[in-house]
K.L.:
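I'd like to ask some things about the structure below.
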Amino acid sequence: MPAKKQYWLMKSEPSVFSIDDLKVCKMTCWDGVRNYQARNFMRDEMKRGDGVLFYHSNAQPSGIAGLAKVVQEAYPDYTAFDPKDVHYDPKSNPGKPTWYMVDVKYIKTCHSIISLERLRKIAGLKNMLLLRHGRLSVQPVTPEEWKMILSLSEWD
DNA sequence: GCCAACGTTGGC
DNA sequence: GCCAACGTTGGC
């Protein structure tokens, strides 16, 4: 019996990497996460097949832009070892990696962005981590929240 | 282990 | 570009 499907929200600045970029390349490694809480979710809990809400941060407007799914479970984020990479971490050690990433695959795009402003107005989402701990870049989403958010938009 | 200084995220 | 929230660092 397969493990129960879990759900996540992952943030990206669309000026760096947007849902349209993911649509074009179909799949990407989610590199550059340098926060321990976010790392722990990716490394310890994300499983192949889990659903991902692709969130645009620092955007006009910020909000949920599309859906993706986890296709490869955590492995070391090699950008941490590359001095030329913007996400280089001089303290990390290839023999004992600090940072991990997963691979995610494009599923579909929101007809129009589900803005943060709109999410805040929905009673059933009051306890969503996104609305309570704004800065966490990888965070769990409950099945109820997932279902409710999917019902808020048409999807291409 | 405390906490001030500092850096980063991300909404606006 | 501003700045609040909050994570990290390092002196003690």
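Predicted, not measured: the structure shown is a model, and the values here were computed from it. Each chain gets a letter, A, B and so on, in the order its sequence line appears, and its residues count up from 1.
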K.L.:
How many Å lie between CD on A/Gln60 and P on B/dC12, as a whole number?
P.N.:
11 Å

K.L.:
Counting just side-chain N and O atoms, does A/Lys11 come under 4.0 Å of either OP1 or OP2 of B/dT9?
P.N.:
no

K.L.:
From CG of A/Leu116 over to P of B/dT9, roughly how many Å is that when rounded to an integer?
P.N.:
18 Å

K.L.:
A/Asn35 has an atom CG; how far is it from atom C1' of C/dT9, in whole Å?
P.N.:
15 Å

K.L.:
Can we say A/Arg34 and A/Asp77 salt-bridge, meaning some charged N sits less than 4.0 Å from an Asp/Glu carboxylate O?
P.N.:
yes

K.L.:
Does A/Lys91 put a side-chain nitrogen or oxygen below 4.0 Å from OP1 or OP2 of C/dT8?
P.N.:
no

K.L.:
Using a cut-off of strictly less than 4.0 Å, decide whether A/Tyr55 has a side-chain nitrogen or oxygen near OP1 or OP2 of B/dG11.
P.N.:
yes

K.L.:
Heavy atoms within less than 4.0 Å of DNA chain B: which residues of residues 120-135 of chain A have one? Give them sorted by number.
P.N.:
A/Gly134, A/Arg135

K.L.:
Measure the distance from CG on A/Asn58 to P on B/dC12 and round it to the nearest whole Å.
P.N.:
11 Å

K.L.:
Just how far, in rounded Å, is C1' of B/dG10 from CD of A/Gln139?
P.N.:
13 Å

K.L.:
From the set C/dG7, C/dT9, B/dG11, return the single nucleotide nearest to any side-chain atom of A/Ser62.
P.N.:
B/dG11

K.L.:
Without decimals, in angstroms, what is the distance between A/Tyr36 OH and C/dG7 P?
P.N.:
13 Å

